[in-house]
Amino acid sequence: MRALVIGGTGSTGKHLVQDLLHDDTFTEVHAFVRREISTRHPKLHVHVIDFEHPESWSDLVVGDMAFSCLGTSLKEAGSKEAQHRIDVGYQLAFARAARKNGVPTFALISAVGADIHSRLFYNRIKGEVEEGVKAAGFERTVILRPSLLDRGSKGRFREDAGVKIIKALNRLGLFRRLRPITTGLLAEKMLKIAKESEAGLHIVTADEIHKA
């Protein structure tokens, strides 16, 4: 099988790429990135692309399973417009290319609270991506909605603070459904769920991710 990945250099994506490379189910792993990466492996094919021009790379999005771990923060993007372009525009361009080229399975990392009608910008753009991926009409669509991500030493300040608070509350038996998940475990669960899910739409809650 051939796996296709965007967001493969991020906190979750880099773990997913490694998991795919060590999974005998997959004979090829194609990573679509904005800049060259140092990882080398006989199964790994790296495509350095310009996400702003999907017409230059869309024909390369051919395979059996597509995975999107792409995502940025407002601080990293620099503006809401830039964040929307990356989190929504890039991901949907990839999804549409995959669907056009007959890729049957698409797996997406979204977030708890994703809702296209939300008053919160972050939740709203996550909801917009979800709706776009669902509308693409893949044979199998897997949307994971994790809660806070534990990125370890690569964590973002606000996320780190939230992780510490939720973990403290978890120890008291509170907010268990919102317990943080490490990016390594999320990647592992993403791959497992994508491989085991039947045809159709699967929206996987934070609690279900932990139980998978």
Side-chain angles (χ1 to χ4, degrees), residues 1-72 86-110 126 129-146 183-204 209 212:
M1 292 178 66
R2 177 186 288 191
L4 314 167
V5 183
I6 60 169
T9 59
S11 298
T12 302
K14 65 182 181 182
H15 290 291
L16 177 65
V17 168
Q18 289 300 317
D19 290 344
L20 288 165
L21 291 175
H22 291 93
D23 188 327
D24 292 337
T25 304
F26 298 92
T27 56
E28 296 180 21
V29 179
H30 291 255
F32 295 81
V33 297
R34 285 177 285 185
R35 59 185 66 88
E36 191 60 69
I37 60 176
S38 59
T39 303
R40 294 291 182 270
H41 191 281
K43 289 164 56 172
L44 180 62
H45 303 263
V46 178
H47 305 278
V48 180
I49 64 171
D50 182 352
F51 279 97
E52 297 286 348
H53 297 283
E55 71 280 358
S56 67
W57 50 264
S58 60
D59 288 348
L60 301 173
V61 188
V62 178
D64 302 287
M65 286 190 176
F67 300 86
S68 180
C69 304
L70 191 63
T72 187
I86 295 168
D87 281 16
V88 179
Y90 292 0
Q91 293 195 92
L92 292 188
F94 178 71
R96 289 164 183 156
R99 185 68 186 96
K100 180 181 178 181
N101 294 336
V103 178
T105 300
F106 195 93
L108 169 73
I109 293 181
S110 183
K126 291 297 183 183
V129 175
E130 286 192 10
E131 293 303 315
V133 169
K134 286 188 279 187
F138 290 94
E139 293 177 25
R140 181 191 293 110
T141 302
V142 176
I143 297 175
L144 292 89
R145 291 178 174 175
T183 51
L185 182 58
L186 177 57
E188 178 186 322
K189 298 290 188 177
M190 183 186 202
L191 179 55
K192 181 176 186 290
I193 294 169
K195 288 173 62 178
E196 295 179 354
S197 295
E198 296 180 355
L201 171 64
H202 305 273
I203 296 180
V204 190
I209 293 171

Heavy-atom check, side chain of [X] versus side chain of [Y], under 4.5 Å:
X: Y90; Y: F32; result: no
X: F94; Y: L4; result: yes
X: M190; Y: F67; result: yes
X: S110; Y: V129; result: no
X: D23; Y: K195; result: yes
X: E130; Y: V133; result: no
X: F51; Y: R34; result: yes
X: Q18; Y: T39; result: yes

message: Less than 4.0 angstrom from a charged side-chain N to a carboxylate O is my criterion; do K192 and E196 meet it?
response: yes
Check: [Y] main-chain N/O paired with [X] side-chain donor or acceptor under 3.5 Å:
X: D87; Y: K126; answer: no
X: R2; Y: V62; answer: yes
X: N101; Y: L60; answer: no
X: H47; Y: I49; answer: no

Can you see which heavy atom on [X] is nearest to which on [Y], and at what distance?
X: A31; Y: L44; result: CB-CD1, 4.2 Å
X: V103; Y: A66; result: CG1-N, 4.0 Å
X: L144; Y: P146; result: O-CD, 3.2 Å
X: A97; Y: W57; result: CB-CZ3, 4.4 Å
X: A107; Y: A194; result: CB-CB, 4.2 Å

Has [X] got more than 12 heavy atoms of other residues, nucleotides or ligands less than 6.0 Å from its [atom1]?
X: D50; atom1: CG; answer: yes
X: E198; atom1: CD; answer: no
X: R40; atom1: CZ; answer: yes

Distance, nearest 0.5 Å, that separates [atom1] of [X] from [atom2] of [Y]:
X: L16; Y: L21; atom1: CG; atom2: CG; value: 9.0 Å
X: R99; Y: E139; atom1: CZ; atom2: CD; value: 6.5 Å
X: T25; Y: L191; atom1: OG1; atom2: CG; value: 7.5 Å
X: L108; Y: S68; atom1: CG; atom2: OG; value: 5.5 Å
X: I37; Y: T9; atom1: CD1; atom2: OG1; value: 7.5 Å
X: H15; Y: L20; atom1: NE2; atom2: CG; value: 13.0 Å

Contacts of type side-chain contact (heavy atoms from CB on, under 4.5 Å), residue L201, not counting sequence neighbours: K134, T141, I143, I203
